[in-house]
2 protein chains.
Amino acid sequence: MQRKATALDVAKRAGVSRSAVSLVLNGRGDGNVAKESQDRIRQAAADLNYSPNPIALSLRNQRTRVIGIVSDEVVVSPFDGNIIGGADDVARAHGFVTVVMDTERDASRDESAVETLLDRQVDGLMYVTVGLKPLDVPQGMLRVPSVLANCYDSSPAPRLHHVIPDEVSGGREATEHLLQLGHRDIAFLAGAATSPAVPLRIVGHREAMAKAAIPVREDRVFMAGWDINDGFHGAMGLLSATERPTAIVCANDRLAIGVALAAARLGLSVPRDLSIMGYDDESRIAATMVPALTTMALPLREMGAAAMSMLLGQIEDPARRPTSDGSGHLETMVPCRLVVRESTGPVPAL
Amino acid sequence: MQRKATALDVAKRAGVSRSAVSLVLNGRGDGNVAKESQDRIRQAAADLNYSPNPIALSLRNQRTRVIGIVSDEVVVSPFDGNIIGGADDVARAHGFVTVVMDTERDASRDESAVETLLDRQVDGLMYVTVGLKPLDVPQGMLRVPSVLANCYDSSPAPRLHHVIPDEVSGGREATEHLLQLGHRDIAFLAGAATSPAVPLRIVGHREAMAKAAIPVREDRVFMAGWDINDGFHGAMGLLSATERPTAIVCANDRLAIGVALAAARLGLSVPRDLSIMGYDDESRIAATMVPALTTMALPLREMGAAAMSMLLGQIEDPARRPTSDGSGHLETMVPCRLVVRESTGPVPAL
DNA sequence: TTGAAAGCGATACCAT
DNA sequence: ATGGTATCGCTTTCAA
């Protein structure tokens with residue numbers, strides 16, 4: 001592997017000095033360097049396939065064009081992977097590179113991940129979580145421009161901008177979809193109590209029911225958990241009763257799988273006898289379920305992109321960083337998206 | 001954010017020169033610097049919370065301690081995420097950081113991802129794929145130490161070391177597990193034809209059947225696809241026939257979900273009437289299925305760790321890089337791991 | 001219009 | 001034993 005061409009090589013070939021090369025290649029040639037020299041320099045650079053050494057640039061400019069991303073569990077999750085994908089797209093488009101450190105659900109690794117990244121001189125930081133949650137913001141994040149994606153500063157006076165999904169309207173629109181199909185007895189399997197998304201979605205559900213003037217039966221709304229077996233057991237309880245709901249909204253697509261399993265075991269046909277809604281639009285799951293799952297898609301890519309745009313904005317214009325006086329608008333809320341497939345249908349005739 | 005301490009700051013505080021600081025902090029103090037000065041230097045470094053600037057180090061040493069990882073689709077996959085997790089663990093333990101670029105299934109982005117990474121002066125490269133596959137190795141990977149994880153050089157004379165799972169024994173052991181439970185009529189839903197893992201697992205299946213002296217019915221082994229609906233339709237065909245298999249091996253856990261759905265719809269109880277095996281041990285799926293899935297776990301973390309160890313070895317000792325004469329052992333095969341849960345059981349009595 | 005020189009932070013060689 | 005100096009590759013200021 002022969003050494004890459006440096007600015008000096010280009011200068012020699014063009015018969016000028018390094019400074020001239022630098023000026024021209026950075027668009028500040030006009031008025032400083034003779035038109036003719038400019039051409040020679042550009043030609044030489046092209047010949048040698050020159051591009052400046054980013055390491056040297058970083059050292060010189062004190063900016064690395066690297067964004068550090070800390071994630072609580074990307075590497076095992078199809079979810080926030082998409083947030084990172086959206087963020088990375090935006091970063092790449094601006095000539096930045098992302099370095100992600102995953103703490104694998106071990107919050108005690110947060111600080112050290114941030115320090116490692118800071119040590120590497122990242123220009124900005126982003127913290128991404130799989131599920132919506134309050135975050136005990138690592139100290140280091142306050143030292144450089146930073147944003148939060150799918151989580152929010154848990155301190156009394158939030159200091160960082162965050163981007164989160166609009167869970168209330170997500171819950172509301174899910175229920176509204178079912179309402180429009182004529183359902184009146186709708187159950188809501190709401191995930192696990194630890195997630196702040198849960199109460200928000202329930203609020204949305206209640207709003208929709210209230211608007212339709214339908215009372216919410218308390219035994220129809222409960223925390224089930226997040227996994228297939230949770231959905232299964234929740235549904236078995238709901239569906240074995242003499243009076244069973246005609247539709248079930250699940251807090252994620254895996255719960256919906258459990259519900260579908262339960263329905264099949266009980267001889268119920270979906271969506272003829274029972275409508276099922278998922279949440280997340282999990283890739284490789286929702287679209288290929290049998291029947292294909294109607295679900296509420298989380299706007300993960302958009303969230304990642306929005307968070308990164310916000311961050312890059314702060315980096316290039318430090319004035320945009322949130323002020324410590326707690327003023328200003330620190331929240332971006334992205335709407336969820338209803339995806340209608342085949343697991344929901346008209347309410348069965350009585 | 002006040003500036004970080006530099007070697008010069010430490011030198012001043014200790015009343016010595018930068019060189020002395022460098023020597024001492026790199027363990028080459030003895031014989032060069034007075035014991036007393038050494039102590040003062042170490043003390044000063046601790047006081048100032050000094051650590052060398054990695055950017056400056058990179059420029060100076062021409063090594064960045066950054067490993068570039070190109071992945072074909074991590075960000076949407078719970079699978080190779082684990083490979084990367086395993087790789088990252090090892091890298092971190094050696095003071096390296098990983099930068100991953102995901103091409104999101106667009107092979108035309110391979111070269112540019114590699115170039116971006118190379119441009120950033122990574123010390124080594126790793127290419128990771130979700131499923132086993134031959135790889136058209138990006139040119140750039142030949143310019144620095146590189147390894148392949150879950151894929152292999154498709155060229156006639158492989159130039160890069162690769163780490164892959166032992167699919168043949170995976171297929172064999174899956175079938176053997178069922179054989180031990182007394183099953184004789186075993187179906188094999190084998191994924192999609194495009195994956196090289198498919199024929200390998202089938203070979204394993206046939207080996208196991210042959211060893212048990214059971215003829216393989218050709219209508220019992222076929223490519224179904226990789227998704228839930230594929231498993232469902234495959235199983236509906238298999239299970240609606242008058243003579244149905246007592247066990248089905250699936251090429252992944254999502255297929256197994258489809259099979260379970262079909263079984264439930266047909267009123268078949270698992271594992272009483274039908275045993276189902278998955279493959280992958282996909283997180284959040286296999287362990288929480290109803291019933292919990294017996295499955296063949298892919299050794300993803302181990303593969304990532306093995307690949308990274310290999311790579312770091314090559315970086316610190318270039319002599320270990322594969323020679324272009326095609327000699328040497330370029331393959332590391334990692335065994336799969338049977339995980340027995342509840343979806344498999346004794347063959348039903350006739 | 002051009003080139004020489006300083007500096008970003010660290011290491012290694014070479015005098016002293 | 002110690003400190004001065006060149007070097008890594010680049011940008012920027014300043015003199016010519």
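Naming convention: chains lettered A, B, ... in sequence-line order (proteins, then strands); numbering from 1 in each chain. Remember, predicted model here, so these are calculated numbers, not experimental data.
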Can you list the steps and then say if B:H162 with B:T332 is a side-chain hydrogen bond (donor to acceptor under 3.5 Å, both in side chains)? CA-CA 6 Å; B:H162 63 253; B:T332 300; over 6 Å; no
What is the nucleic acid contact for [X], judged by heavy atoms within less than 4.0 Å: base, sugar-phosphate only, or nothing?
X     : result
B:A20 : nothing
B:S37 : sugar-phosphate
B:N32 : base

May I ask you to decide whether A:E104 forms a salt bridge with B:R301, counting only side-chain N to carboxylate O separations under 4.0 Å?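 B:R301 and A:E104: salt-bridged.
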With a 4.0 Å cut-off on N to O distance, would you call A:K35 and A:D30 a salt bridge?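 Looking at A:D30 together with A:K35, the answer is yes, because their closest N to O distance falls below 4.0 Å.
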Checking contacts here: which listed nucleotide ([options]) is nearest the side-chain heavy atoms of [X]?
X     : options               : result
B:R28 : C:dA12, C:dG3, D:dG9  : C:dA12
B:V16 : D:dG3, D:dC8, C:dA10  : D:dG3
A:S22 : D:dC10, D:dT12, D:dC8 : D:dT12
A:A56 : C:dT11, D:dG9, C:dA10 : D:dG9
B:V33 : C:dA10, D:dT2, C:dG3  : D:dT2
A:R60 : C:dT2, C:dA12, D:dT12 : D:dT12
B:S19 : C:dC8, C:dA12, C:dT11 : C:dA12

For [X] and [N], give me the distance from atom [atom1] to atom [atom2], rounded to whole Å.
X      : N      : atom1 : atom2 : answer
A:L57  : C:dG9  : CG    : C1'   : 15 Å
A:R40  : C:dT1  : CZ    : C1'   : 12 Å
B:Q62  : D:dC10 : CD    : C1'   : 13 Å
B:L8   : C:dA6  : CG    : P     : 17 Å
A:R18  : C:dT1  : CZ    : P     : 22 Å
A:L25  : D:dG9  : CG    : C1'   : 14 Å
B:Q121 : D:dC10 : CD    : P     : 9 Å
A:D119 : C:dA10 : CG    : P     : 10 Å

Short side-chain to backbone donor-acceptor contact, B:R159 and B:V137, under 3.5 Å: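 The answer is no, because no donor-acceptor pair under 3.5 Å joins these two groups.
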Between B:A34 and B:L59, which residue's closest nucleotide on DNA chain D lies nearer the 5′ terminus? B:A34
Among B:L132, B:V130, B:V334, B:L135, whose side chain to side chain contact (heavy atoms under 4.5 Å, CB included) with B:N150 holds? B:L132
Taking 4.0 Å as the cut-off, does a side-chain nitrogen or oxygen of B:N61 come that near to OP1 or OP2 on D:dC8?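 No, outside the criterion.
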